Chemist: 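Below you'll find the structure I mean.
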Amino acid sequence: MANVIRSIKGTRDFYPSEMVKRQWLIGHMRAASEAFGYQPYDGPCLETLELYAAKSGEELVKEQAFVFEDRGGDPVTLRPELTPTLARMVAEKENELFFPLRWWSFGPFWRYERPQKGRTREFFQWNIDLIGSESLLADAELIAVAATFLRNVGLKPQTVQLLVNDRRLMEKQVRKLGIASETLPDLLRMIDRLDRQPGHVWDEKVLGLGLNREQLKGIRELLGNKELWRESEELSTVFTALQELGVGEYVSYDPKIIRGLDYYTGIVFEAHDTKDEFRAILGGGRYANLVGDVGGKPLPGVGFAMGDVVINLVLEKYNLIPQHLENSDGVFVTIFDETTWKSSLELAAELRGAGIEATVYPDFDKLAKQLKYADRMGFTKAVVVGPEELVKGEVVVKDLISREQITLDHAKLIELLKNRFVEKLVVQNQPNKF
RNA sequence: GUGCCUGUAGCUCAAUGGCAGAGUGCUUCACUGUGGAUGAAGAUGUUGAGGGUUCGAAACCCUCCAGGCACCCCA
């Protein structure tokens, strides 16, 4: 195995057992999005470098994007985020779209980072935005979408919280301390990184920005004040709306939430595990001007993004991901021997024609081996067509869980399998069985 | 881009300078028309790669490669 060609650093292979989990996760993202009436959209994975030069943070494009020349010599970029694409798509059709837009998307993104816990170079991201409304109800709605997702995957409010803040409130409070407005962006960035370093180091850095000891003390007090939101009419409204939306238990106020990206202008929020063991699960907020930088009219919006990597770590820790590969919808068709294989194929075709998934064993192996395979692959029903049954036009169907088996004709077999199929559909309509 | 740690069977790991092992998985058989258990037998290694030290290296040293973790940045 030493000489197999390796995959690219920071990418992941999704074997069927992992793919089941990925589909499960996507299902919940879709369900939460659609529950609030959001529509799916997507853009290309390749974009021009120019698009990101206009919009994204400098570091994201210069340091972290995969940039290369196409065969014609033009610089292209593997998308490191979706927002610029969204802005471009909205700007291109701004006169024919009907606002507000409620759009969601799921797809792959690439960032050239050093892979580590919770960070890969190729990852999947759920993006969801409400564009064209300045209402605080829109801010609350996006937070409610996030909370609905967290609840539906089985995460409890004791385990995960959506931490909410408002940049306007923080700016106002910081100004009250008499801090110069030119140091404000740097200071906000420091607040965003408070928990990532020892307290005394952080203090030193803040003093280095030009603050005096008293101002530092004032900042520290602000950041410890869990009731600060009461001074913000906007936050009060948002929290009230979230109570009415039935997700109040998932939401709390945190003055330390600022968000690194510069384009946020109001409400900002992140989901964190309450033990603070993992990175932010998702992050988002209010922006004033989505499309201005790509040449459109200013449009306000609110949205968030959730990567698949951190949420998977959290879900794994709390054992919330369905583990097993299941073929329980289908039936496994054995092949008895060289003289009967045609009957097995014929039966399988008949079952498929009746809308039943049928999987045929491809070799003339011993029945024991075939049943062992069926068991390992997660089938719950197997069919045997041997010489004895063939004469009577019957088949043996075996329940691989109860180990019971019965002999019956084709019509009865189809009826039995179809009834089971109907039961399955009913079960699947429950969101946590997606 | 900076720093620290780790590479041994498919997987998880042991062997700390002296014959490369265990558990698990895998294959076969007990069971020639019936799978999960049990028992028995069997297969599997360039010890990440290359070089050096040594009578002798999986182990010690150097270089490279790969992976993990933290910083940076962020989903």
Side-chain angles (χ1 to χ4, degrees), chain A residues 1-12 15 25 29 56-65 79-83 105-128 146 189 192-193 196-198 201 258-262 269-272 278-285 303-314 324 332 334-337 339-340 361 364-390 395-407:
Chain A
M1 293 296 281
N3 290 326
V4 293
I5 295 169
R6 290 175 201 279
S7 59
I8 288 177
K9 184 200 273 279
T11 63
R12 293 163 293 166
Y15 290 84
L25 191 68
M29 292 171 179
S56 300
E58 332 68 56
E59 166 119 14
L60 191 56
V61 180
K62 286 184 188 156
E63 312 282 339
Q64 295 195 330
R79 60 181 186 184
E81 59 162 334
L82 191 61
T83 305
S105 185
F106 178 85
F109 296 86
W110 296 266
R111 289 183 195 174
Y112 195 82
E113 285 188 285
R114 193 87 173 250
Q116 55 192 283
K117 194 174 187 181
R119 284 294 174 269
T120 57
R121 287 185 174 180
E122 180 181 63
F123 58 97
F124 294 88
Q125 194 168 277
W126 175 29
N127 282 268
I128 181 162
R189 192 157 304 175
D192 187 48
R193 294 170 198 173
R196 298 181 198 157
Q197 52 209 311
V201 175
I258 292 292
R259 309 284 304 138
L261 297 170
D262 290 333
F269 56 93
E270 293 179 358
H272 283 263
F278 301 100
R279 296 162 182 271
I281 296 165
L282 62 86
F304 70 82
M306 184 178 81
D308 70 310
V309 182
V310 177
I311 186 67
N312 267 313
L313 290 173
V314 176
H324 292 294
F332 186 80
T334 59
I335 290 188
F336 192 80
D337 61 27
T339 67
T340 66
Y361 194 80
F364 304 138
D365 286 329
K366 291 197 306 188
L367 210 48
K369 195 171 174 185
Q370 297 188 39
L371 288 170
K372 185 175 182 180
Y373 176 82
D375 183 48
R376 289 298 162 88
M377 294 304 288
F379 287 95
T380 57
K381 292 257 194 295
V383 171
V384 180
V385 194
E388 287 173 27
E389 292 79 26
L390 209 50
V395 296
V396 170
V397 58
K398 176 163 189 168
D399 186 315
L400 292 172
I401 295 164
S402 68
R403 310 190 127 211
E404 290 167 359
Q405 61 181 50
I406 48 172
T407 306

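Computed from a predicted structure; not experimentally measured.
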Chemist: So which protein N/O to nucleotides 64-68 of chain B N/O distances come out below 3.5 Å?
Modeler:
from   : atom 1 : to    : atom 2 : distance (Å)
G67(B) : OP2    : K9(A) : NZ     : 3.0

Chemist: Measuring from the side chain of A368(A) (C-beta onward, heavy atoms only), which nucleotide among G33(B), G35(B), C29(B) has the closest atom?
Modeler: G35(B)
Chemist: When rounded to the nearest Å, what value does the distance between C1' atoms of G21(B) and U8(B) take?
Modeler: 10 Å
Chemist: Above 12 or not: heavy atoms from other molecules or residues under 6.0 Å from OH of Y373(A)?
Modeler: no
Chemist: Does C72(B) have OP1 or OP2 sitting under 4.0 Å from an N or O in the side chain of R189(A)?
Modeler: no
Chemist: Picking from G33(B), A75(B), G35(B), which would you name as closest to the side chain of A305(A)?
Modeler: A75(B)
Chemist: For a quick test of reading the model: is some side-chain N or O of R193(A) closer than 4.0 Å to OP1 or OP2 of C72(B)?
Modeler: no
Chemist: Is the base of A75(B) touched by the side chain of E113(A) through a donor-acceptor pair closer than 3.5 angstrom?
Modeler: yes
Chemist: Using every non-hydrogen atom in the two residues, find where I8(A) and T11(A) come nearest and quote the distance to one decimal.
Modeler: O-OG1, 2.6 Å
Chemist: What integer distance in Å separates R403(A):CZ from C31(B):C1'?
Modeler: 13 Å
Chemist: Answer yes when E122(A) and R12(A) have at least one side-chain N-carboxylate O distance shorter than 4.0 Å, and no when they do not.
Modeler: no
Chemist: Taking only Watson-Crick and G-U wobble pairs with both distances under 3.5 Å, what dot-bracket line describes RNA chain B, where [ ] shows pairs that cross earlier ones and | shows pairs with another strand?
Modeler: (((((((..((((....[..)))).(((((.......))))).....(((((..]....))))))))))))....
Chemist: Please state how far atom CD in E388(A) lies from atom P in U34(B), giving the value in whole angstrom units.
Modeler: 11 Å
Chemist: Under 4.0 Å between a side-chain N/O of K369(A) and OP1 or OP2 of C29(B), yes or no?
Modeler: no
Chemist: Round to a whole Å and report the spacing from NZ of K372(A) to C1' of G35(B).
Modeler: 8 Å
Chemist: Going by the rule salt bridge (Lys or Arg N to Asp or Glu O under 4.0 Å), which residues pair with K372(A) if we only count those two or more places apart in sequence or in a different chain?
Modeler: none
Chemist: Tell me whether the ring of F123(A) lies stacked over the A75(B) base, given a 5.5 Å limit on centroids and a 30° limit on the plane angle.
Modeler: yes
Chemist: Check every strand shown and say whether F304(A) touches a base, only sugar-phosphate, or nothing at a heavy-atom separation below 4.0 Å.
Modeler: nothing
Chemist: How do D308(A) and G386(A) order along RNA chain B: which one's closest nucleotide is nearer the 5' end?
Modeler: G386(A)
Chemist: Is any side-chain N or O of Q370(A) under 3.5 Å from a base N or O of G33(B), one able to act as donor and the other as acceptor?
Modeler: no
Chemist: Do R111(A) and A75(B) share a donor-acceptor pair, side chain to base, under 3.5 Å?
Modeler: yes
Chemist: Just how far, in rounded Å, is C1' of U34(B) from CG of D365(A)?
Modeler: 14 Å
Chemist: I want to confirm an ordering. Mapping P387(A) and Q125(A) to their closest nucleotides on RNA chain B, which one lands closer to the 5' end?
Modeler: P387(A)
Chemist: Return the value, rounded to whole Å, for the distance between atom CG of L367(A) and atom P of G33(B).
Modeler: 9 Å
